[in-house]
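Computed over heavy atoms, backbone and side chain alike; hydrogens, waters and symmetry mates excluded. None of the values given here were measured: they were computed from a predicted structure. Sequential numbering from 1 along the given sequence is applied to the chain's residues.
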Amino acid sequence: MNPACAEINVSMERSVWRTVLRRPSFIVRAMIALAVTFTVLAERDLTTLPFVFACGAFIYFLAAFLTARKMFAACVAVGALAFSAMASMLKYKFLAVNAHVFDLRFYVNDLQTVQFLFENYRWAALGLGLALAAGMVALAWVYRLEQPDLRMSRRLAGALALASAVAAPLSAPAGALVIDYHASKRHFTSSFFASIAEAPHIWGVDPLTARIGYMSRAQAFAQPAKCEIGDDAPDIFLVLSESGFSSSGAPQWNWPDGFDAMLSSYDGRLHKARVEVHGGGTWVSHMSVMSGLSMADFGWMKTYSTITLKGRLRHSLPATLQACGYRTVAISPQHYRFVSEGPMLRSLGIMEYLDLQALRAPSKHEPDSFYFGKALELYAQHRREQKGPLFVFIATMSAHSPYDYRFQPERIARGEPFGNAPDVDEYLRRAVFAQEDYRAFIAAIDKGRDKRKALVAAFGDHQPTLTRPDLALQGAERAFSDYRSALYETYYSVTSLGFAPKAQLPAVAVLDLAYLGATLLEVAGLPLDPANRVMTALRDQCAGAFHTCANRSSVDHYLMRLARSGLVVAPGIAPAAKGESSAGTAELTENPGPQPSIR
């Protein structure tokens, strides 16, 4: 190129940039255009865009009314929509559900939950934090740049803000109050704003009371007899297998040879479990196991159950075992107050809660062998110093997301690589390590128990988010709100050491986790109190289903009896007076009249 022409081109480019920089309004308009494009693309649903625009209009006119700055108001509106979309995309990546207004009430104000999110997803959290910080700086710059428009009618802006506030809920998408809306890998921009309609639930009728309030007759359970067990009652170890499930949950994957065999129980069979979360929400699953209840029966409280139900559940697996003389201990990779998990488990009968500080864990994401090693140390100490039986609940972490890096890089899983996408292969590596560590844990208990008996059980808390694309191809994506979907199937396993199981495992296709505690008591041969006896009968009658039992009135009758017995607090339902207790426990059903729908 001619040097003179090149110099002219360079001069023209510099002139253009000088013009742009001298006109900051051009930069602001470009930023607004980019943000609007992002929010529209992030929604991924043309039918819900009117709601998005209505929300944006409300924010715009409100900011304009307050500041008399049109460009600043536009930046506030598109910035709020864009940040909502980014927060939803980030939350969906790790928990398979979009941002929700309840998150502000129950999670964001919990320092240890925020710390957990930052430590485990630091780069994603840092990116979101930097985006927020950059947005705030940009807003401050635009605010100083723009002078108030004295010609603008603030009265008109206020009126339009009110009109938009009315238009937004009227344009709210159909189905916005159903979980599918927030878990379908769409609606990233609108999810948070759509969920605001659910905020009144916090002050509304309790979901459990609303569910069982139609029950007209339900007697309280008889007072349980004193639990008397022999000196040979088995020690019980219950393991939460992080993100554990069987190959039937993702048949399109190339699985390690013999993987399902590692999940088998003492009867040599693989047993499926039904959970009520997918991709995250571990605490929801162990709440079901510990309390013997479906968290889905508590409606919107399900995801926040460790916070909202503290002090309301007075019949649980740990409390039952404690009444029988067991020492009850929980080993957790988290802080004691993470999502209020420690206080909740203590209220359910856990006597000792060993969190990551008590365990002196280097991090929140250690190999499962670390937590099993701590449990074995506790077991050895207990055998030396105490004669009574021991119950230990152990939460694990090996298979926890994210899967974009090699966990325990020095360790090789037999058969890897397995021929899947890199993140799927990484998950399977960790799943193999988890099962190998679990089997080694069982062998160590067997070796060190002397003449003591032991019962070791494990359950998968949820599937990883990685299964969503494969299940979507099978149509399961459309059934996210149906708890009978394959999305909610994991597994459970039970192994007895030093004794023959006192009961067979339920012959059902899938067992709801709510029944696992009563099932373990049966297998261990421990006395069942009246509520647990009804629970096992209900399990058999409902073919392993609890929340989705075909005879839902039987479940609601059981819940009402718990409420009448003071074993579950349902606001508005008074416990029975003394002398009203029923001596029988066999009754499961009554003529209920209209029943609430189940999902």
Side-chain angles (χ1 to χ4, degrees), residues 178-179 201 206-215 218 240 272-278 280-310 312-317 320 344-345 348 459-463 479-485 487-490 492 506 508-520 531-532 534-563 565 567-570 573 588-589 592 595-599:
V178 179
I179 187 62
H201 289 324
D206 184 84
L208 182 64
T209 302
R211 173 169 287 281
I212 66 176
Y214 72 97
M215 280 286 163
L240 184 152
K272 290 184 180 181
R274 181 179 288 107
V275 299
E276 295 171 344
V277 286
H278 182 271
T282 292
W283 54 92
V284 175
S285 294
H286 73 59
M287 279 287 291
S288 285
V289 174
M290 295 296 188
S291 68
L293 298 171
S294 160
M295 294 300 103
D297 283 346
F298 291 90
W300 67 267
M301 293 182 178
K302 181 189 80 171
T303 307
Y304 313 94
S305 54
T306 51
I307 300 169
T308 58
L309 300 182
K310 183 174 176 289
R312 290 184 53 181
L313 311 180
R314 298 164 185 171
H315 184 263
S316 66
L317 176 62
T320 298
M344 183 72 230
L345 288 178
L348 291 176
F459 66 93
D461 58 340
H462 55 72
Q463 295 181 19
F480 195 81
S481 59
D482 183 355
Y483 289 112
R484 291 161 288 203
S485 164
L487 284 164
Y488 297 110
E489 290 181 3
T490 63
Y492 75 96
V508 298
V510 188
L511 183 73
D512 275 27
L513 284 186
Y515 294 119
L516 184 56
T519 299
L520 294 180
N532 277 319
V534 172
M535 188 66 164
T536 56
L538 189 65
R539 175 199 65 201
D540 299 338
Q541 183 191 87
C542 293
F546 192 93
H547 180 69
T548 58
C549 177
N551 186 3
R552 179 64 213 198
S553 63
S554 294
V555 177
D556 292 342
H557 184 241
Y558 170 73
L559 293 173
M560 179 60 88
R561 294 190 70 184
L562 288 176
S565 305
L567 299 177
V568 170
V569 176
I573 298 177
L588 290 178
T589 62
Q595 302 177 50
S597 61
I598 60 173
R599 293 185 294 152

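- Looking at Asn551 and Ser553, their side chains do bring a donor and an acceptor atom within 3.5 Å of each other.
- Distance check, rounded to the nearest 0.5 Å: CG of Leu559 to CG of Leu538 gives 8.5 Å.
- Taking the side chain as every heavy atom from C-beta outward, Val277 and Lys302 approach each other to under 4.5 Å.
- Here the shortest heavy-atom pairing between Asn532 and Ala518 reads OD1-CB, 3.9 Å.
- Between the side chain of Thr320 and the backbone N or O of Ser316 there is at least one donor-acceptor pair closer than 3.5 Å.
- Using modelled atom types, one finds a donor on one side chain and an acceptor on the other under 3.5 Å when comparing Asp556 with Tyr214.
- In this structure, Met295 and Leu309 approach most closely via the heavy-atom pair SD-CD1, 3.9 Å.
- Across Lys310 and Thr306, no two heavy atoms sit closer than the pair CB-O, 4.2 Å.
- For Ala531 against Tyr558, the heavy-atom pair with the smallest separation is O-CE1, 3.6 Å.
- A donor and an acceptor atom, one from each side chain of Gln463 and Thr490, are nowhere located under 3.5 Å apart.
- Two residues are said to be in side-chain contact when any heavy atoms from C-beta on lie closer than 4.5 Å; Leu562 and Leu293 meet this criterion.
- With sequence neighbours excluded, the residues satisfying side chain to side chain contact (heavy atoms under 4.5 Å, CB included) with Asp512 are Arg274, Tyr515, Phe546.
- Looking at Ser565, its side chain never comes within 3.5 Å of a backbone N or O of Leu567 through a donor-acceptor pair.
- By the 4.5 Å heavy-atom criterion applied to side chains, Met287 and Leu345 are not counted as neighbours.
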- prompt: Could you walk me through whether Ile573 and Met560 pass the side chain to side chain contact (heavy atoms under 4.5 Å, CB included) check?
  reply: CA-CA 9 Å; Ile573 298 177; Met560 179 60 88; 3.7 Å; yes
- request: Check the pair Glu489, Val275 against side chain to side chain contact (heavy atoms under 4.5 Å, CB included), reporting the backbone distance first and the verdict last.
  value: CA-CA 6 Å; Glu489 290 181 3; Val275 299; over 6 Å; no
- request: Please assess Tyr492 against Leu511 for the test side chain to side chain contact (heavy atoms under 4.5 Å, CB included), listing each intermediate value before the final yes or no.
  value: CA-CA 9 Å; Tyr492 75 96; Leu511 183 73; 3.7 Å; yes
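- Judged by distance alone, the side chains of Ser294 and Glu276 do bring a donor and an acceptor atom under 3.5 Å apart.
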- request: Apply side chain to side chain contact (heavy atoms under 4.5 Å, CB included) to His462 and Val284, showing your working.
  value: CA-CA 10 Å; His462 55 72; Val284 175; over 6 Å; no
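- Atom CG of Asp297 is separated from atom CD1 of Ile212 by 9.0 Å, given to the nearest 0.5 angstrom.
- Smallest separation of non-hydrogen atoms from Thr519 and Pro506: CG2-CD, 3.7 Å.
- A salt bridge links Asp206 with Arg312: the closest approach of a Lys/Arg side-chain nitrogen to an acidic carboxylate oxygen falls below 4.0 angstrom.
- By the 4.5 Å heavy-atom criterion applied to side chains, His547 and Arg552 are counted as neighbours.
- Note that CZ of Phe459 and CG of Leu520 are 10.0 Å apart. Values are rounded to the nearest 0.5 Å.
- In terms of heavy-atom proximity, Tyr483 sits nearest to Ala296 at CE1-CB, 3.6 Å.
- Atom NE2 of His315 and atom CZ of Arg561 lie 11.5 Å apart (nearest 0.5 Å).
- Here Ser291 contributes atom OG and Met344 contributes atom CE; the two are 7.5 Å apart, rounded to the nearest 0.5 Å.
- Trp300 places no side-chain N or O within donor-acceptor distance of the main-chain N or O of Pro207, the cut-off being under 3.5 Å.
- If you take NE2 on His201 and CE on Met301, they are separated by 10.5 Å, rounding to the nearest 0.5 Å.
- Evaluation of the salt bridge (Lys or Arg N to Asp or Glu O under 4.0 Å) rule for Asp461 yields no partner, not counting sequence neighbours.
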